[in-house]
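Working notes for the structure below.
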Amino acid sequence: DTEVTQTPKHLVMGMTNKKSLKCEQHMGHRAMYWYKQKAKKPPELMFVYSYEKLSINESVPSRFSPECPNSSLLNLHLHALQPEDSALYLCASSPTAGVKNIQYFGAGTRLSVL
Amino acid sequence: GENVEQHPSTLSVQEGDSAVIKCTYSDSASNYFPWYKQELGKGPQLIIDIRSNVGEKKDQRIAVTLNKTAKHFSLHITETQPEDSAVYFCAASPTGTASKLTFGTGTRLQVTL
């Protein structure tokens, strides 16, 4: 089973709201990722967690706050977002964070910020 | 950092024809090159990958070639079918401490009947 599950599938929020995106995998993978994808663009890496520790933050604004409570779960906490943050947020996982590890993607959460 | 260019941005072929998508990369240290297919409303799914010690890899109707000297790699789909219609992304992964994929800009493939 190579499934990465993301919830919710769709989210609409105001600029003053606080919401969270959730990602779960049960493949025993020890690396998890958050990507942002705008329409007709490729995914852009935001964060990488390796063994539940944040290893890469691609200079993402602090209104995005990642959390990895355990090896199967990855959250992205959202606060005071801007309309330009509207996008598809993708989670991925891989066995480890080493180079050449296959990344498996979830279906994404489509976020609209009003 | 790594920069990946991908062409064409759109490609329309008739069912049964072949499709070729080409990518070039800039970082000579890159050594892993996956291809992802993204269907509408879904996340990217790996369809094939190639590592730097191999020049060509094939999986049924899909093949990928790699030219490390020229820093380019290509995806070949033969006998295309309507279900091949999707957006295809190439990616490159330079050496480093994590799987930091840099994606190409994507190719929208449409297979017409």
Side-chain angles (χ1 to χ4, degrees), chain A residues 2-10 21 23-25 27 29-59 68 87-110, chain B residues 1-10 21 23 25 27-54 57 59 64 66 86-110:
Chain A
T2 56
E3 188 169 338
V4 175
T5 304
Q6 290 188 243
T7 54
K9 293 192 186 306
H10 302 274
L21 310 185
C23 173
E24 209 162 357
Q25 57 87 13
M27 296 178 278
H29 289 177
R30 303 310 299 272
M32 296 186 77
Y33 312 77
W34 280 115
Y35 287 85
K36 175 182 178 178
Q37 186 177 26
K38 300 283 274 185
K40 300 186 179 181
K41 297 289 187 183
E44 294 179 9
L45 183 65
M46 299 174 72
F47 303 103
V48 180
Y49 272 84
S50 177
Y51 292 90
E52 296 97 70
K53 286 186 169 47
L54 183 65
S55 62
I56 291 180
N57 176 343
E58 290 287 272
S59 302
C68 190
L88 180 68
Y89 287 84
L90 294 162
C91 173
S93 72
S94 63
T96 67
V99 174
K100 305 181 188 179
N101 268 268
I102 295 172
Q103 291 187 29
Y104 298 91
F105 284 81
T109 293
R110 189 160 298 281
Chain B
E2 176 64 278
N3 182 50
V4 179
E5 294 187 359
Q6 183 172 346
H7 300 280
S9 57
T10 60
I21 302 171
C23 289
Y25 61 97
D27 190 343
S28 56
S30 287
N31 53 14
Y32 174 60
F33 307 92
W35 286 88
Y36 283 86
K37 173 183 180 183
Q38 188 171 23
E39 296 175 285
L40 199 61
K42 297 185 178 180
Q45 300 300 313
L46 181 77
I47 56 172
I48 196 167
D49 59 7
I50 192 165
R51 304 176 193 278
S52 59
N53 58 344
V54 175
K57 183 176 177 181
D59 182 5
V64 58
L66 171 65
V87 178
Y88 291 80
F89 291 101
C90 63
S93 184
T95 54
T97 58
S99 295
K100 197 168 176 178
L101 289 177
T102 299
F103 285 86
T105 47
T107 296
R108 182 171 297 278
L109 173 65
Q110 184 170 0

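Numbered from 1 within each chain, the chains take letters A, B, ... in sequence-line order.
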*asked:* Rounded to the nearest 0.5 Å, what separates atom OH in B:Tyr36 from atom CD in A:Gln103?
replied: 5.0 Å
_Looking at every non-hydrogen atom in both residues, tell me the closest pair between A:Pro42 and B:Phe89 and how far apart they are._
CA-CE2, 3.4 Å
*Distance in Å, B:Gln38 CD paired with A:Leu88 CG, rounded so as to fall on 0.5 Å steps*: 7.0 Å
_Beyond-backbone contact of B:Lys100 with A:Leu45, side-chain heavy atoms, under 4.5 angstrom_ = yes
*So which part of A:Glu58 gets closer than 4.5 Å to some heavy atom of chain B, the side chain, the backbone, both or neither?*
side chain
_Counting heavy-atom pairs closer than 4.5 Å to chain A, which one of B:Pro34, B:Ser9, B:Gly104 comes out on top?_
B:Gly104
*Any chance NZ of A:Lys38 has more than 12 other-residue heavy atoms, nucleotides or ligands included, within less than 6.0 Å?*
yes
*Mind checking what makes side-chain hydrogen bond (donor to acceptor under 3.5 Å, both in side chains) contact with A:Glu52, not counting sequence neighbours?*
A:Arg30
*Do you know which of A:Ser50, A:Ala31, A:Gly108, A:Pro43 has the most heavy-atom pairs under 4.5 Å to chain B?*
A:Pro43
*Please flag which part of B:Pro44 lies under 4.5 Å from any non-hydrogen atom of chain A: side chain, backbone, both or neither.*
both
*What is the distance from atom CG of B:Leu46 to atom OG of A:Ser94, rounded to the nearest 0.5 Å?*
12.0 Å
*Side chain / backbone / both / neither for A:Gln37 at chain B, heavy atoms under 4.5 Å*: side chain
*Going from CD on B:Gln45 to OH on A:Tyr104, what distance comes out if it is rounded to the nearest 0.5 angstrom?*
10.0 Å
*Residues which pass side-chain contact (heavy atoms from CB on, under 4.5 Å) with B:Gln6, listed by chain and number, not counting sequence neighbours*: B:Ile21, B:Cys23, B:Trp35, B:Cys90, B:Thr105, B:Thr107
